[in-house]
Amino acid sequence: MSDIKKVAVIGGGTMGNGIAHVFAMSGFNVKLVETRRELADKALNTISKNLTRMVTKEKITEKQKEETLLRIQAELNLADAVKDVGLVVEAVPENFEIKKRIFTEIDRHAPENAILATNTSSISITKLAAVTGRPDRFIGMHFFNPVPVMKLVEVIQGLDTDAEVTQTITDISEKLGKIPVQANDFPGFVSNRVLMPMINEAIYCVYEGVAEPKAVDNVMKLGMAHPMGPLRLADFVGLDVCLDILNVLYDGFKDPKYRPCPLLVKMVDAGKLGDKTGEGFFKYDT
Ligand code: 3HC
């Protein structure tokens with residue numbers, strides 16, 4: 001069993017604050033790293049709100065909420081945040097150059113035996129591992145939104161990931177109350193290789209006039225018992241993120257079955273990215 005007690009989570013956005021939330025709730029001390037004070041405060045507020053929701057639903061007590069919040073410390077200095085942790089989980093935007101810059105710095109300052117994990121949804125684990133001096137201690141730890149609710153952690157081994165590191169991350173995922181599933185590093189891993197073609201096909205149904213968005217979603221919700229229809233889910237994930245992942249699949253496999261629907265491209269060009277911009281296939285209050 002791993003003796004890791006201190007974790008740094010890099011990025012306090014939707015995924016990062018959810019990841020910090022579940023680590024802290026499971027007893028880990030968490031450094032939550034953001035670039036600006038207001039972003040760090042926003043992340044802490046979101047965590048507090050989500051914990052209050054859990055108190056209201058009687059899943060945790062007020063005391064557990066307070067203890068969880070006390071275990072999270074916001075940090076603006078990446079080097080300081082990672083200098084004494086056993087695990088770093090990166091959850092910054094899905095851009096290779098940004099992640100490369102961050103992992104280069106983390107690698108320089110984190111203890112030699114610390115495990116470096118990325119929550120990337122599509123960028124190659126092997127390629128990210130190669131920017132560090134420790135590809136054997138580098139791994140994918142892919143959480144799902146909303147992190148406090150979704151049970152899965154997809155644990156992705158890069159080409160050089162040590163088996164002991166995979167085991168440690170599997171154990172830690174269980175400690176978080178999650179169910180880890182192991183996958184090897186190929187484009188989209190398992191989750192997005194299966195999910196994104198379904199979302200893309202739902203978009204083609206709208207593009208080709210097969211049915212309206214609401215009807216497409218109702219078919220999948222009422223006929224297949226999906227909690228959200230694929231177009232509602234695409235808005236929830238972000239249409240820009242969906243497009244990025246489809247492009248990774250398309251480029252990675254060179255197979256036209258992954259070609260992004262032109263309607264998806266057009267909506268991203270128009271800035272209709274889903275929940276975060278107030279409009280995607282459906283409209284939202286922002
Ligand atoms: N924190 C804590 N609890 C939360 C929460 C949060 N952020 N969001 C929701 N909850 C809890 C609610 O309190 C509620 O608890 P209860 O069961 O005790 O009442 C429960 O989750 C359900 O929430 P709601 O009642 O508010 O709403 P719904 O019943 O409509 O469920 C949903 C919302 C959980 C989001 C559900 O619609 C769902 O499961 N949707 C599918 C989500 C999904 O597929 N996510 C994966 C996206 S893909 C991804 O992340 C990977 C990336 O690589 C693309």
Side-chain angles (χ1 to χ4, degrees), residues 11-26 42-60 64-65 68-69 72 89-95 99 117-125 140-156 176-181 183 185-200 202 217-218 220-222 224-249 260 264 268 273-276 280 282 284-285:
T14 309
M15 298 307 288
N17 76 58
I19 294 168
H21 172 140
V22 295
F23 269 102
M25 227 173 70
S26 304
K42 191 171 169 214
L44 292 175
N45 276 338
T46 304
I47 295 171
S48 179
K49 250 187 356 214
N50 285 330
L51 286 167
T52 302
R53 183 209 286 251
M54 298 179 90
V55 174
T56 312
K57 302 256 174 175
E58 294 181 353
K59 287 188 181 151
I60 58 169
Q64 281 172 307
K65 175 191 155 181
T68 300
L69 286 173
I72 306 175
V89 184
E90 166 275 315
V92 304
E94 285 292 280
N95 174 301
K99 288 188 195 280
T118 173
N119 178 58
T120 184
S121 51
S122 57
I123 297 173
S124 161
I125 306 300
M141 193 176 190
H142 186 199
F143 290 84
F144 293 79
N145 185 19
V147 180
V149 180
M150 305 309 279
K151 292 304 261 181
L152 176 65
V153 175
E154 197 175 28
V155 178
I156 307 119
L176 299 179
K178 304 292 182 195
I179 299 174
V181 173
D185 183 28
F186 287 97
F189 321 131
V190 174
S191 53
N192 281 319
R193 184 171 179 170
V194 175
L195 175 63
M196 288 303 157
M198 180 189 71
I199 286 178
N200 201 33
D217 271 13
N218 275 340
M220 300 307 285
K221 280 198 296 185
L222 306 178
M224 284 76 177
H226 289 200
M228 281 175 165
L231 300 172
R232 174 70 194 90
L233 183 56
D235 281 353
F236 184 61
V237 167
L239 298 189
D240 51 341
V241 176
C242 293
L243 180 58
D244 282 348
I245 299 172
L246 279 161
N247 277 326
V248 166
L249 290 166
L264 174 62
V268 172
L273 307 181
D275 296 32
K276 62 188 162 192
F282 304 99
Y284 308 92
D285 294 331

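Atoms within a ligand are numbered from 1 in the order they appear, just like the ligands themselves.
The list of salt bridge (charged side-chain N to carboxylate O under 4.0 Å, His left out) pairs with a residue in residues 235-245, not counting sequence neighbours, reads D240-K276.
E90 contributes no side-chain N or O that, together with a main-chain N or O of K99, makes up a donor-acceptor pair within less than 3.5 Å. For K42 (side chain) and G13 (main-chain N/O), no donor-acceptor pair under 3.5 Å exists by modelled atom type.
Scanning for side-chain contact (heavy atoms from CB on, under 4.5 Å) contacts around L69 gives I47, S48, L51, K65, with sequence neighbours left out. When the side-chain contact (heavy atoms from CB on, under 4.5 Å) test is applied to V190, the partners found at least two apart in sequence or on another chain are E154, A183, V194.
By the 4.5 Å heavy-atom criterion applied to side chains, L195 and I245 are not counted as neighbours.
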Mind listing the N or O contacts between ligand 1 and protein, cut-off under 3.5 Å?
| residue | atom | partner | partner atom | Å |
| --- | --- | --- | --- | --- |
| ligand 1 | 7 (N) | N50 | OD1 | 3.4 |
| ligand 1 | 15 (O) | K59 | NZ | 3.1 |
| ligand 1 | 18 (O) | K59 | NZ | 2.8 |
| ligand 1 | 19 (O) | K57 | NZ | 2.9 |
| ligand 1 | 45 (N) | N145 | O | 2.8 |
| ligand 1 | 50 (O) | N145 | N | 3.0 |
| ligand 1 | 53 (O) | H142 | NE2 | 2.7 |
| ligand 1 | 53 (O) | N192 | ND2 | 3.0 |

